[in-house]
Amino acid sequence: MNEAATVRHWTVDAESAGQRLDNYLLRELKGAPKSLIYRIIRSGEVRVNKARAHADTRLSAGDVVRVPPLRLPAQPPAPAVPPREFALLYEDAWLLAIDKPSGVAVHGGSGVSFGVIEQLRRARPQAPLLELVHRLDRETSGVLLVAKKRSALKALQDQFRARSTGKTYLALVRGVWPAARKVIDAPLHKYLLPDGERRVRVTTADDPQAQPALSLVRVLGPVQPPADGASIGPMTLLAVTIKTGRTHQIRVHLAHAGHPIAGDDKYGDFAWNRSLARCGLQRMFLHAWQLQIRHPVEDRLLSLTAPLPPELLRWGDVARFFV
């Protein structure tokens, strides 16, 4: 065990202003279990400006955070993170937007040693701050925002919380989507499988754990499979705009409607997925296509688009929608 024998006092800098106390401590006390962080906050051993504080207390520049002496477990050597840059869609002094490939996690954890953010930090050691603004599923490709300043992170996350961003995904689904069905307004409930893996299902409004979830669906048109996929059946390419950013929202909403996403290994039609794989579709057909935000400093509209990746664009006759 490593022992910190003395009380520590940290002064919050301008880049950390607006951050929650729990997140600040998790960042500063590297290796500390979350349970320990929340225990010392609840017990009052952590003080902000000599006063007790809550986990969700927002810090201000100049605040003094007192942390008691802690015994932290020795950390094993961190796995080597290979530096990697990703295709840039936009960058300035405040933020960057990348085109995340499918199969890459946005961050380490849950059996993944590292993800996009760790690789970006390794590739840009001179950057004082690189933080994820939002998340994408590992299997989903497309637009991903990273903040380069704490103030930009807070401003952008405020936009996501206020649902003022425009997020549109491309999804290929089984069957013929009824053109008249343009809105899916169905609350979602998160739960864990016996092995601890996270899942989501549609629930009812009276479920105490229900989270409101709203998806807007626009039909782009039918998709013909490759020549050797005659048995796959009809498919529809959709543009889905989400007004709420719930975990697995699009995947669960579309599957609940009877039109699972092609290649979805959690909520999809597994037999159909095997037929798709035999015809060359080796990933889930869900892509974060377009994102509209207000610039966090200049207050101008930013419209970001990630082109459909080649492995999806070249599948069947999908390319005809993007000529």
Side-chain angles (χ1 to χ4, degrees), residues 82 84-87 89 98-119 135-144 167-177 193 195 197-200 220-240 242 247-290 305-323:
R84 181 176 179 181
E85 290 280 2
F86 297 86
L89 303 174
I98 65 166
D99 187 355
K100 186 190 87 66
S102 175
V104 181
V106 295
H107 57 74
S110 300
V112 179
S113 298
F114 55 83
V116 167
I117 196 64
E118 290 87 3
Q119 290 187 285
R135 306 286 193 268
L136 289 179
D137 290 345
R138 184 176 182 178
E139 303 88 347
T140 304
S141 53
V143 183
L144 181 68
K167 296 178 286 184
T168 300
Y169 292 68
L170 295 173
L172 180 66
V173 300
R174 187 190 65 193
V176 178
W177 185 275
L193 295 177
D195 63 2
E197 191 172 354
R198 179 180 55 183
R199 285 289 190 276
V200 180
L220 297 183
V223 169
Q224 296 299 319
D228 56 349
S231 63
I232 288 175
M235 297 173 291
T236 309
L237 185 63
L238 305 176
V240 184
I242 55 174
T247 300
H248 299 167
Q249 176 174 325
I250 295 175
R251 300 166 69 172
V252 175
H253 270 177
L254 298 183
H256 180 72
H259 300 272
I261 296 175
D264 188 341
D265 64 356
K266 288 184 171 66
Y267 307 99
D269 179 324
F270 305 131
W272 185 55
N273 287 344
R274 289 192 290 271
S275 297
L276 294 167
R278 286 193 291 269
C279 292
L281 186 63
Q282 302 297 324
R283 54 159 291 192
M284 180 172 65
F285 202 124
L286 182 63
H287 178 69
W289 182 32
Q290 296 174 336
T305 299
L308 201 62
E311 70 271 16
L312 300 184
L313 187 65
R314 295 171 185 161
W315 197 82
D317 66 344
V318 170
R320 71 186 179 89
F321 296 100
F322 303 96
V323 294

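Values below: all heavy atoms of this structure, side chains included; hydrogens, waters and symmetry mates excluded.
The nearest pair of heavy atoms linking Trp272 to Pro260 is CZ3-O, 3.8 Å. Heavy atoms only, all atoms of each residue included: Cys279 and Ile232 are closest at SG-CD1, 3.7 Å. Annotation for Val318 and Val223: closest pair CG2-CG1, 3.9 Å, computed over non-hydrogen atoms. When every heavy atom of Arg320 is checked against every heavy atom of Pro222, the shortest pair comes out as NH2-O, 2.6 Å. Taking every heavy atom of both residues into account, Ala288 and Ala306 meet most closely at O-CB, 3.8 Å. Closest non-hydrogen pair, Ser141 versus Pro309, comes out as OG-CG, 3.7 Å.
When side chains are defined from C-beta on, Leu170 does not count as touching Leu286, because their heavy atoms never get closer than 4.5 Å. Under the 4.5 Å side-chain criterion, counting only non-hydrogen atoms from C-beta, Thr140 is in contact with Met284. In this structure the side chain of Met235 never reaches within 4.5 angstrom of the side chain of Gln224, judged on heavy atoms.
For Gln119 (side chain) and Phe114 (main-chain N/O), no donor-acceptor pair under 3.5 Å exists by modelled atom type. Here the side chain of Lys100 pairs no donor or acceptor atom with the backbone of Leu136 at under 3.5 angstrom. Between the Ser102 side chain and the Glu139 main chain, a donor and an acceptor come within less than 3.5 Å of each other. Asn273 places no side-chain N or O within 3.5 Å of a backbone atom of Ala262 that could act as its donor or acceptor partner. Between the side chain of Asp99 and the backbone N or O of Ala87 there is no donor-acceptor pair closer than 3.5 Å.
Between the CZ atom of Arg84 and the CZ atom of Phe86 there is a distance of 4.0 Å, given to the nearest 0.5 Å. Between atom CD1 of residue Ile261 and atom CZ of residue Phe285 there is a gap of 10.5 Å, rounded to the nearest 0.5 Å. Of the inter-residue distances, the one linking Leu281 atom CG with Leu276 atom CG reads 5.5 Å to the nearest 0.5 angstrom. Of the inter-residue distances, the one linking Thr236 atom OG1 with His259 atom NE2 reads 7.0 Å to the nearest 0.5 angstrom.
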Item checked: side chain to side chain contact (heavy atoms under 4.5 Å, CB included) between Thr247 and Val252, intermediate numbers included -> CA-CA 9 Å; Thr247 300; Val252 175; over 6 Å; no
Notebook entry, point to check: Checking side chain to side chain contact (heavy atoms under 4.5 Å, CB included) for the pair Val240/Thr168: CA distance, chi angles, key distance, verdict?
Noted result: CA-CA 5 Å; Val240 184; Thr168 300; over 6 Å; no
Checklist line | Audit row: Leu238, Leu254, side chain to side chain contact (heavy atoms under 4.5 Å, CB included) steps and yes/no | finding: CA-CA 10 Å; Leu238 305 176; Leu254 298 183; 4.1 Å; yes
Notebook entry, point to check: Could you go step by step and tell me if Glu311 and Arg283 meet the salt bridge (Lys or Arg N to Asp or Glu O under 4.0 Å) rule?
Noted result: CA-CA 9 Å; Glu311 70 271 16; Arg283 54 159 291 192; 3.0 Å; yes
Next item on the list: Might you work through the side chain to side chain contact (heavy atoms under 4.5 Å, CB included) test for Val143 and Thr305, ending with a clear yes or no?
Entry: CA-CA 7 Å; Val143 183; Thr305 299; over 6 Å; no
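Aromatic ring pairs are classed by plane angle as parallel below 30°, tilted from 30° to 60° and perpendicular above 60°; the pair Trp289 and Phe322 is perpendicular.
Between His248 and Tyr267, a ring centre-to-centre spacing shorter than 6.0 Å is recorded.
Atom CZ of Arg199 sits in a crowded spot, with more than 12 heavy atoms from other residues, nucleotides or ligands closer than 6.0 Å.
Each of Gln249, Arg251, His256 was compared with His253 under the side chain to side chain contact (heavy atoms under 4.5 Å, CB included) criterion, and only Gln249 meets it.
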